[in-house]
Amino acid sequence: MSKTSQQNTTTDASGVSVIHTQAHSSGLQQVPQLVPVSPGGGGKAVPPSKQGKKNSFVDRNSDEYRQRRERNNMAVKKSRLKSKQKAQDTLQRVNQLKEENERLEAKIKLLTKELSVLKDLFLEHAHNFADSVQPVGTETTTTTPENSVQ
């Protein structure tokens, strides 16, 4: 038994290829497959407004072309200026944050020193206070000759 099949491919107006196959004389079978019509295949989809203009000849001396070029040049210039301004703003913000960071680090050092001094004062005061106050029940009694028994 040999299995024979034949294929016929047609493309409709929307760019979809339909493959017709015939196996064992059971008739034609339609199997739709999406196949690009262009020989390059794939790539970006071109909007309908640009499809007709893609292959048309551009007259570089026309007023329309000149106006388009001027508008495009202005748009490019504006975009570049905007990008440059954004970079300058970012750099300025970075410098401000660096300065603020330096000020905050100096303040941290100052407050750390102040905390250390206050801790030392507190510990010294606590130590002196502990020496001047004697705990209850550890009073020293002195004996005088009058009270002593002979």
Side-chain angles (χ1 to χ4, degrees), residues 5 7-21 23 28-150:
S5 65
Q7 287 188 350
N8 295 329
T9 305
T10 59
T11 304
D12 66 4
S14 65
V16 175
S17 293
V18 179
I19 299 177
H20 304 279
T21 58
L28 290 177
Q29 213 176 20
Q30 290 188 357
V31 180
Q33 290 183 342
L34 295 178
V35 179
V37 177
S38 63
K44 289 186 176 181
V46 180
S49 63
K50 300 277 183 174
Q51 284 178 349
K53 297 178 183 179
K54 189 174 183 182
N55 295 331
S56 66
F57 175 73
V58 177
D59 182 17
R60 294 184 179 212
N61 295 326
S62 70
D63 289 338
E64 180 186 355
Y65 176 78
R66 280 279 110 224
Q67 289 174 350
R68 278 185 177 170
R69 292 304 315 141
E70 286 177 24
R71 278 197 352 235
N72 182 262
N73 290 343
M74 294 298 289
V76 167
K77 195 179 289 187
K78 183 179 176 182
S79 174
R80 288 177 182 158
L81 284 173
K82 187 176 178 181
S83 175
K84 195 178 210 179
Q85 183 63 44
K86 187 174 180 181
Q88 288 176 347
D89 291 346
T90 302
L91 185 61
Q92 184 179 4
R93 180 74 174 135
V94 166
N95 289 334
Q96 287 174 347
L97 290 173
K98 281 182 181 179
E99 289 175 7
E100 183 181 359
N101 193 29
E102 289 172 2
R103 281 189 287 113
L104 291 173
E105 285 178 357
K107 189 172 184 178
I108 287 171
K109 285 182 182 179
L110 178 68
L111 290 173
T112 303
K113 285 181 183 178
E114 187 177 338
L115 177 65
S116 178
V117 168
L118 290 174
K119 272 185 182 178
D120 291 344
L121 284 173
F122 174 77
L123 291 174
E124 184 180 327
H125 178 69
H127 186 270
N128 288 341
F129 184 72
D131 286 346
S132 67
V133 176
Q134 292 181 356
V136 178
T138 59
E139 295 178 23
T140 57
T141 54
T142 56
T143 55
T144 58
E146 299 168 356
N147 294 342
S148 61
V149 178
Q150 295 183 3

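Residue numbers run from 1 in the order of the sequence given.
- Put simply, CG on D89 and CD on Q85 are 4.5 Å apart, with the number rounded to the nearest 0.5 Å.
- No side-chain N or O of D63 forms a donor-acceptor pair with one of Q67 less than 3.5 Å apart.
- For the atom pair T90 OG1 and N95 CG, the distance stands at 11.0 Å (nearest 0.5 Å).
- Note that NZ of K78 and OG of S83 are 14.0 Å apart. Values are rounded to the nearest 0.5 Å.
- Rounding to the nearest 0.5 Å places NE2 of H125 at 14.5 Å from CG of D120.
- Checking side-chain atoms of S116 against main-chain N and O of T112 turns up no donor-acceptor pair under 3.5 Å.
- Checking side-chain atoms of N72 against main-chain N and O of R68 turns up no donor-acceptor pair under 3.5 Å.
- By the side chain to side chain contact (heavy atoms under 4.5 Å, CB included) test, S62 pairs with D59, E64, Y65, sequence neighbours left out.
- Atom NZ of K107 sits about 10.5 Å away from atom CD of E114, to the nearest 0.5 Å.
- A side-chain contact (heavy atoms from CB on, under 4.5 Å) with K119 holds for exactly one of L121, L115, V117; it is L115.
- The minimum heavy-atom distance linking R66 with R60 is given by the pair NE-O, 4.3 Å.
- Using a distance-only test at 3.5 Å, with no hydrogens or angles considered, no donor-acceptor pair links the side chain of S79 to the main chain of A75.
- Taken to the nearest 0.5 Å, the CZ atom of R103 stands 12.5 Å off from the CD1 atom of I108.
- Counting non-hydrogen atoms of other residues, nucleotides and ligands closer than 6.0 Å to CD of Q96 gives a total above 12.
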